[in-house]
Structures are given as C-alpha cells and as structure tokens.
Amino acid sequence: MKTMLKDVLLAVFALMLCAAPAAAEDVKAGDLVISQAWSRATPGGAKVAGGYLTIENKGTTADRLVSVSADIAGKTEVHEMAMDNGVMKMRPLDKGLVIDAGKTVKLAPGGNHLMLQELKGPFKQGDKVPVTLEFEKAGKVAVSLDVQGVGAQAPGDGGHMMKKMPDHSGMKM
C-alpha cells in the first residue's frame, strides 16, 4: 500500500512538472533583478506587441531604464499607459523609467510596458523573444520574454483568462 501511494505521488509530481509553463529566469545586473519577463502571442499580421517584466532595485541608489531593443522589432520603446479624463492614453517615456533604490517596478498590461513595433514576425506561444534593456547605471542587459497565450494577463496564464486591459498585439502603427 505504501509503495503504491509513493508511486502515485511520484507520477502526479512528474505530471505537474511537465504541465508547468517554463518561467523566465531571473537576470541580475548590478543592483537590479529582472524577473517574470513575458509577452503575448500575436495574431497573424500583427505589427505590435507588448513586453512585461518586473525590475527590483536592491541597491541604495536609483537606476533608470532608458531604452529597449529587439532584433524582431523595427522600433522599440518604454511606454506608459494611463487614464486621462476617462480615456486610456499611451505614450513613450522619453526620459526612461526610474527604478528607485529598494523599490520594485512592474511593467504589466494596462500600465508601463515595453512596446515592440514594426514586428518582423509573429510571437508564438512557447517562444522566447530576446530583448536588450539598457539602464543608466546597470548598462545593457539581455533578457528573454516568454511568450504566453494571446489573452494572457500574467506569466503562466496561457491566455485563458478574460482580457481586462487592452491588448497591443492587434494594433497597427
């Protein structure tokens, strides 16, 4: 009986490992830790995608995300999305995004995000999209965005949740 229970538990554990989505690895650059880097799959013909991640500053001085680049995109920017008189507006953060000392900044759907425009190919669920973040102090940092499902709201979601915020993947710019 004990052996059978052990075998069942091992089988369940093995299935859980197989079913778990691959998570982006944490990347350390100076005092910064970049985690949960992801994007959404893009529908056919889409020329725009958003990139999302978390940046934790474990240092005693602020740093600034000044730019982003990606070979798969003709143009990339750090963007802000905010409500203005009941209208959702999006704009590039020309002076970058400050990550204060001891703070964490989350780039997520409906807020600050990476904007990849003039895509040279689609993002497919399960892909890893390489991007380079450039920080004022930490310098250039290579990360990979784990591509989730079209409607995903967070890493590992796979697109099964309802969309709560605008999805950039169908926008034409």
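Heads up: numbering here begins at 1 and tracks the sequence. Note that the coordinates shown come from a computational prediction; the quantities given were computed from them, not determined experimentally.
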Contacts table for residues 97-112: side-chain donor-acceptor under 3.5 angstrom, sequence neighbours left out:
none

Just by modelled atom types, is the Gly50 backbone N or O under 3.5 Å from a matching donor or acceptor in the Ser39 side chain? yes

Would you list the atom pairs, donor with acceptor, under 3.5 Å between side chains in residues 62-75 and any protein atom, with sequence neighbours excluded?
unit_1 : atom_1 : unit_2 : atom_2 : d
Asp63  : OD1    : Glu136 : N      : 3.3
Asp63  : OD1    : Lys137 : N      : 2.8
Asp63  : OD2    : Ala138 : N      : 3.0
Arg64  : NH1    : Lys95  : O      : 3.0

Step by step, would you call Leu114 with Leu53 a side chain to side chain contact (heavy atoms under 4.5 Å, CB included)? CA-CA 9 Å; Leu114 307 177; Leu53 48 88; 3.9 Å; yes

Is a side-chain N or O of Asp127 found less than 3.5 angstrom from the main chain of Val129, in a donor-acceptor match? no

Work out which heavy atom in Thr60 is nearest to a heavy atom in Asp31; give both atom names and the distance. N-OD2, 4.4 Å

Lys28 versus Lys58: any side-chain heavy-atom pair under 4.5 Å? no

Kindly give the heavy-atom pair with the smallest separation between Tyr52 and His113, and that separation in Å. CE2-CB, 3.7 Å

Same cluster for Met81 and Val87 if Ile/Leu/Val/Met/Phe/Trp/Tyr side chains link at under 4.5 Å? no

Do Leu93 and His79 touch side chain to side chain, with heavy atoms closer than 4.5 Å? no

Here the pair of heavy atoms bringing Ala49 nearest to Thr42 is CB-CG2, 3.9 Å

Of all the heavy-atom pairs spanning Ser144 and Ala37, show the shortest one and how long it is. O-CB, 3.4 Å

Give me each pair satisfying salt bridge (Lys or Arg N to Asp or Glu O under 4.0 Å) with a member in residues 79-89, each pair once, sequence neighbours excluded. Glu80-Arg91, Asp84-Lys89

Could you check whether Glu77 and Gln117, counting side-chain N and O atoms only, form a donor-acceptor pair closer than 3.5 Å? yes

Taking it one step at a time, do Val78 and Met115 satisfy side chain to side chain contact (heavy atoms under 4.5 Å, CB included)? CA-CA 6 Å; Val78 180; Met115 192 71 178; over 6 Å; no

Would Leu145 and Val33 show up in the same hydrophobic cluster when neighbours are defined by side-chain heavy atoms closer than 4.5 Å? no

Heavy-atom closest pair (Val141 atom, Ala29 atom, distance to 0.1 Å) is CG2-CB, 3.3 Å

Using a 4.5 Å cut-off on heavy atoms from C-beta on, say whether the side chain of Ile34 contacts that of Phe135. yes

Which atom pair, heavy atoms only, marks the closest approach of Arg40 to Trp38? CG-CZ3, 3.9 Å

